[in-house]
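Encoded as structure tokens, the structure appears first; notes follow it.
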Amino acid sequence: MATLVTRTETQNHKVVSQEEWVATRKELLRKEKEFTRQRDELSRQRRELPWVKVEKNYVFDGPKEKTTLADLFEGRSQLIVYHFMFGPGWEQGCPSCSFVADHFNSFIVHLNARDVSMAAVSRAPLEQLQPFQKRMGWSFKWVSSFGNDFNRDFHVSFTKDEMAKGKVYYNYGMMEFPSEEAPGVSVFYKDPAGNIFHTYSTYTRGLDILLGAYNYLDMTPKGRDEEGLAHGMEWVRHHDRYEPAKESAASCCSGERHS
């Protein structure tokens, strides 16, 4: 596998005294706190969005049996669906969506504790999803929408005719997109009477917040280090496809004596 070269400059970075660093850090902290307050306000406004009642009875192919959208709530009132890019006939799931999905197993139990269920939905048939899920070591619920309109209705799958026109309807507008499948998150609420409502969906950079690894990278000197790549996530691989880290000559020889 070829190594992707990035261009983030860290050489000759400004170096200052501890006192000057603290003063600069405090100014950035002020901006970080303002950003946090703005994010809290956006979250509040997100919760105040009006809802749309889901009228269709979507039926998915689940690991054991047919599963409805209502079933995916698993007795809870809120449901998060990750639209995972995996189309019929694909050999494997999208690497970027797999990057997102690598975060799921560890946090779903915490969502469950707050009255939230979560599932991934893809258009590929179940017999394609399951071997890949096993290979990745994931245990989250993953169902196939191959036999229904779910992906189309939530604007994450596009027909060949739509693709041929050059632009598709995605992220609430017409845009160019390189694949017939697209990523996204949709959120639903089920009331005590069993009525289901679509409350929110987000796509493209709106999914950044799901990537804990990105949040950590954003704190490092090189950041995401994606400048100069053909597209931002070009470096991402399935977690079992990265090349092993190569030890430096210094570390390999650290135990040897030289005359």
Side-chain angles (χ1 to χ4, degrees), residues 1-4 60-67 69 71-76 78-147 150-151 156-157 179-187 202-203 206-220 224-226 229 231-247:
M1 181 187 299
T3 301
L4 294 174
F60 306 94
D61 290 319
K64 297 180 180 179
E65 58 189 358
K66 296 288 185 180
T67 301
L69 182 62
D71 292 333
L72 294 180
F73 282 82
E74 298 182 321
R76 302 179 181 90
Q78 300 167 101
L79 171 68
I80 297 172
V81 168
Y82 183 76
H83 302 288
F84 194 116
M85 295 172 65
F86 198 151
W90 290 20
E91 294 183 1
Q92 56 188 354
C94 164
S96 297
C97 283
S98 299
F99 183 26
V100 177
D102 279 334
H103 296 74
F104 292 170
N105 280 352
S106 60
F107 73 67
I108 288 180
V109 63
H110 301 290
L111 297 181
N112 294 165
R114 303 307 297 157
D115 193 31
V116 179
S117 292
M118 185 173 184
V121 175
S122 297
R123 201 162 60 89
L126 198 64
E127 57 266 25
Q128 291 177 244
L129 302 181
Q130 290 182 317
F132 181 69
Q133 184 172 21
K134 182 178 180 180
R135 171 188 147 192
M136 293 288 99
W138 298 327
S139 60
F140 56 81
K141 178 162 285 188
W142 197 355
V143 298
S144 170
S145 60
F146 183 72
F150 188 77
N151 280 44
V156 290
S157 289
S179 171
E180 69 268 22
E181 305 293 331
V185 164
S186 292
V187 184
T202 189
Y203 310 94
L207 304 174
D208 264 17
I209 197 170
L210 305 180
L211 286 163
Y214 259 168
N215 294 325
Y216 278 102
L217 288 173
D218 285 342
M219 289 189 258
T220 65
R224 302 183 186 187
D225 205 14
E226 295 175 338
L229 300 180
H231 61 85
M233 301 182 96
E234 185 185 8
W235 64 273
V236 173
R237 303 287 184 266
H238 295 112
H239 62 239
D240 61 348
R241 294 295 186 265
Y242 286 108
E243 289 184 336
K246 296 180 179 179
E247 291 186 284

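Residue numbers count from 1 along this sequence. As the structure is a computational prediction, the values presented were derived from the model and not from experiment.
Here CG of D225 is found 8.0 Å from OG1 of T220. Values are rounded to the nearest 0.5 Å. Interatomic distance, S144 OG to Q130 CD, rounded to the nearest 0.5 Å: 10.0 Å. Rounding to the nearest 0.5 angstrom, the gap separating the CE atom in M136 from the CG atom in N105 is 12.0 Å. To the nearest 0.5 Å, atoms NE2 (H238) and CZ (R135) are separated by 5.5 Å. A distance of 9.5 Å separates OG of S122 from CD of Q133, quoted to the nearest 0.5 Å. With rounding to the nearest 0.5 Å, the separation of CZ in F146 from CG in L129 is 11.0 Å.
The closest side-chain heavy-atom distance from Y214 to M233 is below 4.5 Å. With a 4.5 Å cut-off on side-chain heavy atoms, D71 and F60 do not count as touching. You'll find the side chain of P183 stays beyond 4.5 Å of the side chain of V100, heavy atoms only. With contacts defined as side-chain heavy-atom distances shorter than 4.5 Å, the pair S98/H239 does not qualify.
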For this session: Determine, stepwise, if the pair E181 / N151 fulfils side-chain contact (heavy atoms from CB on, under 4.5 Å).
Result: CA-CA 9 Å; E181 305 293 331; N151 280 44; 3.6 Å; yes

Problem set entry | side-chain contact (heavy atoms from CB on, under 4.5 Å) between H103 and L211, intermediate numbers included | CA-CA 7 Å; H103 296 74; L211 286 163; 3.7 Å; yes

For this session: Could you check Q128 against F86 for side-chain contact (heavy atoms from CB on, under 4.5 Å), going step by step and ending with a plain yes or no?
Result: CA-CA 9 Å; Q128 291 177 244; F86 198 151; 3.8 Å; yes

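Closest of all the heavy-atom pairs between I209 and N215 is O-ND2, 4.0 Å. Heavy-atom minimum distance, A119 versus L79: N-CD1, 4.4 Å. Considering all non-hydrogen atoms of both residues, P131 and L126 come closest at CD-O, 4.4 Å. Of all heavy-atom pairs between V236 and P95, the closest is CG1-O, 3.6 Å. When all heavy atoms of W235 and E226 are compared, the closest pair comes out as NE1-OE2, 2.7 Å. Considering every non-hydrogen atom in both M85 and W90, the closest pair reads O-CZ3, 3.4 Å.
Between the side chain of S145 and the backbone N or O of V143, no donor-acceptor pair lies under 3.5 Å. Panel note: side chain N112, backbone V116; a donor-acceptor pair is recorded below 3.5 Å.
Using a cut-off of 4.0 Å between Lys/Arg side-chain N and Asp/Glu carboxylate O, R224 and D208 are scored as salt-bridged. A salt bridge does not link R123 to E180: none of the charged side-chain nitrogens sits closer than 4.0 Å to a carboxylate oxygen.
Close placement of the F104 and Y82 rings is indicated, their centers lying within 6.0 Å of each other.
Ring pair F84/W142 is tilted by interplanar angle, where 30° to 60° counts as tilted.
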